[in-house]
Amino acid sequence: MSQKRPDLEHILTRGVAEIIVEEEFREKLASGRKLRLKLGFDPSRPDLHIGHGVVLRKLRQLQDLGHQVVLVVGDWTGQIGDPSGRDETRTLLTPEEVKANAQTYMEQFFMIVDQEGTEVRWQSEWYEGFTLADVFNLASRFTLGQLMAHETFRKRYEEGLPLTIMELMYPLLQAYDSVAIEADVEFGGTDQKFNNLAGRELQKMMGQPPQDVFLVPLLPGTDGRKMGKTFDNTINFVDPPDKMYGKVMSITDEMLITYFTLTTDLPDGEIEEMSRALEEGTVNPRDLKMRLGREIVTQFHGAQAAQEAEREFIRIFRERELPSKIVSHSIDALLAKRLVDVLVDVGLATSKSEARRLIQQGGVRLDGERIEDVNHMVTVEREIILQVGKRRFVRLVPGK
RNA sequence: GGGCAGGUACCCAAGUGGCCAAAGGGGACUGACUGUAAAUCAGUUGGCAUACGCCUUCGGAGGUUCGAAUCCUCCCCUGCCCA
């Protein structure tokens with residue numbers, strides 16, 4: 001990602017939830033020492049979304065000031081699963097899966113963070129040889145009361161949901177990572193506060209200078225809830241330009257300013273102006289959203305791709321024309337087939353019942369013409385565009 | 001080891017012999033509206049069938065009954081209390 005170097009003040013204030021302890025961190029920065037910036041991840045769900053991007057951009061900016069990123073691959077904690085979600089124990093991953101996921105994660109991670117200035121460390125480096133004595137040593141440092149101060153633990157316990165000892169161990173392992181790599185600062189979303197502070201405590205107990213904790217706000221997903229895979233409301237690093245742009249357009253209007261603040265480096269003044277214009281109603285939120293879409297797509301795919309994505313969006317949704325790229329599907333030209341079957345065959349419906357329902361609801365069009373007859377037959381003698389809803393198209397071509 | 005409360009469709013959650021393919025909410029999908037894939041409103045949401053209807057589903061396996069998500073038996077899983 002290319003951008004002009006934001007100054008330190010911008011880095012420390014824009015899109016920052018909390019820095020603990022801020023004064024301490026500023027002193028470290030001022031010392032001229034090359035700081036070790038820790039970020040850990042669990043290779044359980046490899047796909048990164050722009051919510052993760054918020055913290056990665058911070059890392060990159062500090063990296064550009066000469067500091068060292070230390071990426072901790074949680075190949076052990078990844079097996080436990082961060083209990084931060086309300087779900088109970090996650091399924092354990094095989095070592096192969098962990099490895100593959102980690103690989104994918106890192107490819108995406110380095111789309112923003114500079115690989116040269118990053119030290120990658122695997123937890124297994126220090127946990128492989130961990131003995132029961134080491135576990136006791138670690139476990140003896142924390143009390144149940146401390147762990148129960150963690151909201152997710154407390155909530156699950158009080159609601160009578162299952163909570164394993166292994167899960168309670170999660171923060172301890174993450175904390176020990178900080179000791180192992182001698183972190184100066186740990187980064188994370190606000191949901192990581194507890195875990196990161198545990199690292200700070202543990203370092204003190206083990207005679208290391210305590211790390212500071214740098215927390216960024218969580219970016220809401222496209223539907224306003226917490227961005228995450230479970231809600232299917234993420235905008236992913238690997239989303240192709242069109243999709244990425246479209247997803248940005250689908251965020252609710254209220255989130256616009258939050259998105260500008262957290263995912264772009266537009267000057268604060270400019271964002272304030274937008275905010276004012278929105279309140280006064282002197283600007284169409286859609287236009288700002290389009291600007292946001294361009295900004296975000298540009299970060300991952302470049303300015304040209306962003307422009308193309310925008311053109312495509314206008315074409316389909318404003319002018320209601322066909323997208324420029326449509327998946328083709330060949331259909332036997334000799335036979336008249338039932339439309340319901342075709343819908344299932346090309347994957348626009350998962351069952352005939354669903355296909356029938358779509359037709360009944362007026363959601364199916366052939367060459368732009370709405371089909372209302374559930375028993376409609378199609379013969380593909382030439383190319384026909386089959387459409388479901390506003391944005392799912394398939395080109396039917398004659399074949400054998 | 002004992003007692004109690006639970007395990008329902010994608011998720012949460014009602015239902016305690018037939019009116020149950022199973023309330024309600026969330027999500028998803030479709031439609032209307034819209035200078036947005038925003039907001040709002042409406043509809044749909046197990047499968048097969050043009051349709052009458054048929055089939056599969058309520059932790060698992062058996063059983064009672066004309067008929068079970070609902071009753072009985074055993075088993076598995078979760079939480080709480082007692083030891």
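Not measured: the values here are computed from a predicted model.
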Quiz item: Does B:U64 pair with anything, Watson-Crick or G-U wobble, both distances under 3.5 Å, and if so, with which nucleotide?
Solution: none
Quiz item: If you look at every strand shown and take non-hydrogen atoms under 4.0 Å, does A:R365 touch a base, only sugar-phosphate, or nothing?
Solution: nothing
Quiz prompt | Counterpart base for B:A21, defined by Watson-Crick or G-U wobble contacts under 3.5 Å | solution = none
Quiz item: Rounded to whole angstroms, how far apart are CG on A:N233 and C1' on B:G26?
Solution: 13 Å
Self-check item: Distance between C1' atoms of B:C55 and B:C20 (Å, rounded)
Solution: 16 Å
Practice problem: Report the base-pairing partner of B:C4 (Watson-Crick or G-U wobble, both distances below 3.5 angstrom), or none. | Solution: B:G79
Self-check item: Spacing of the C1' atoms in B:C11 and B:A28 (rounded, Å)
Solution: 11 Å
Quiz item: Would you say A:E151 has more than 12 foreign heavy atoms packed within less than 6.0 Å of its CD?
Solution: no
Quiz prompt | Whole-angstrom distance between B:U78 and B:A83, as gauged at atom P | solution = 22 Å
Practice problem: Verify the contact: side-chain N or O of A:R318 to OP1 or OP2 of B:U36, cut-off strictly under 4.0 Å; return yes or no. | Solution: no
Quiz prompt | Expected output: side-chain A:D184 to main-chain A:R36 donor-acceptor under 3.5 Å | solution = yes
Quiz item: Can you tell me how far P of B:U36 sits from CD of A:E312, to the nearest Å?
Solution: 16 Å
Quiz item: Touch check for A:Y245, heavy atoms < 4.0 angstrom, all strands: base, sugar-phosphate only, or nothing?
Solution: nothing
Quiz item: Looking across every strand, which nucleic acid part, if any, lies under 4.0 Å from A:G246 by heavy atom: base, sugar-phosphate, or nothing?
Solution: base
Practice problem: Considering only atom C1', compute the distance from B:G31 to B:G15 and round it to an integer number of Å. | Solution: 32 Å
Exercise. Could you state the atom-to-atom distance from NZ of A:K390 to P of B:C29 in whole Å?
Key: 11 Å
Quiz item: To the nearest angstrom, how far is A:L161 atom CG from B:C77 atom P?
Solution: 18 Å
Quiz item: Once you round it to whole Å, what is the distance between C1' of B:U50 and CG of A:N375?
Solution: 5 Å
Quiz item: Does OP1 or OP2 of B:A49 have a side-chain N or O of A:K352 closer than 4.0 Å?
Solution: yes
Quiz item: Between A:E308 and A:Q304, does any side-chain donor sit less than 3.5 Å from a side-chain acceptor?
Solution: yes
Quiz item: Does a side-chain N or O from A:R370 land closer than 4.0 Å to OP1 or OP2 of B:A32, or not?
Solution: yes
Practice problem: Any strand is fair game: report the nucleotide pairing with B:G43 by Watson-Crick or G-U wobble, both distances under 3.5 Å, or none. | Solution: B:C29
Quiz item: Roughly, in whole Å, what's the span from CD in A:Q360 to C1' in B:A49?
Solution: 13 Å
Exercise. In whole angstrom, give me the gap between the P atoms of B:C66 and B:U50.
Key: 37 Å
Quiz item: On a whole-Å scale, what distance lies between the C1' atoms belonging to B:A5 and B:C54?
Solution: 39 Å
Quiz item: Does A:R357 place a side-chain N or O at less than 4.0 Å from the phosphate oxygens OP1/OP2 of B:G47?
Solution: yes
Practice problem: Assign each of A:G160 and A:D223 to its nearest nucleotide of RNA chain B by heavy atoms, then name whichever residue's nucleotide is nearer the 5' end. | Solution: A:D223
Practice problem: Return the nearest nucleotide to the side chain of A:R338; candidates are B:U36, B:G26, B:U50. | Solution: B:U50
Exercise. Quick one: label A:S353 by what it contacts on the DNA or RNA (base, sugar-phosphate, nothing), any heavy atom closer than 4.0 Å.
Key: base
Quiz prompt | Atom-pair distance (CD1 on A:I359; C1' on B:U50), nearest Å | solution = 12 Å
Exercise. Would you state whether a donor and an acceptor, one from the side chain of A:Q361 and one from the base of B:G31, lie under 3.5 Å apart?
Key: no
Quiz item: If the P atom of B:G67 is compared with that of B:G7, how far apart are they to the nearest Å?
Solution: 26 Å
Quiz item: Between B:A38, B:C29, B:G27, which one does the side chain of A:R391 approach most closely?
Solution: B:C29
Practice problem: Give a yes or no on whether the backbone of A:L161 and the side-chain of A:R156 come within a donor-acceptor separation of less than 3.5 Å. | Solution: no
Quiz prompt | Nearest-nucleotide comparison on RNA chain B, the residue closer to the 5′ end among A:R356 and A:I251 | solution = A:I251
Quiz item: Touch check for A:D253, heavy atoms < 4.0 angstrom, all strands: base, sugar-phosphate only, or nothing?
Solution: base
Practice problem: Report yes or no: do A:T104 and A:N101 form a side-chain donor-acceptor pair below 3.5 Å? | Solution: no
Quiz item: Of all the nucleotides listed (B:G79, B:A37, B:U36), which has the minimum atom distance to the side chain of A:K289?
Solution: B:U36
Quiz prompt | Per A:F313 side chain, nearest of listed nucleotides B:C29, B:A37, B:A39 | solution = B:A37
Quiz item: What about A:F110 and A:F237, are their ring centers closer than 6.0 Å?
Solution: no
Quiz item: P atom, B:C4 versus B:C10: distance in rounded Å?
Solution: 33 Å
Quiz item: If you count the non-hydrogen atoms of other residues, nucleotides and ligands that lie under 6.0 Å from CD in A:E159, is the total more than 12?
Solution: yes
Quiz item: Hey, are A:E9 and A:R26 close enough for a salt bridge, meaning a charged N less than 4.0 Å from a carboxylate O?
Solution: yes
Quiz item: For B:A51, what is the paired nucleotide under Watson-Crick or G-U wobble rules, both distances under 3.5 Å?
Solution: none
Self-check item: Protein-nucleotide distance (A:R225, atom CZ; B:C11, atom C1'), rounded to Å
Solution: 10 Å
Self-check item: Pairing partner (Watson-Crick or G-U wobble, both distances under 3.5 angstrom) of B:A9
Solution: none
Quiz item: Would you say A:S351 reaches B:G46's phosphate, i.e. side-chain N/O to OP1/OP2 under 4.0 Å?
Solution: no
Quiz item: Counting only side-chain N and O atoms of A:R392, is one of them less than 4.0 Å from OP1 or OP2 of B:C29?
Solution: no
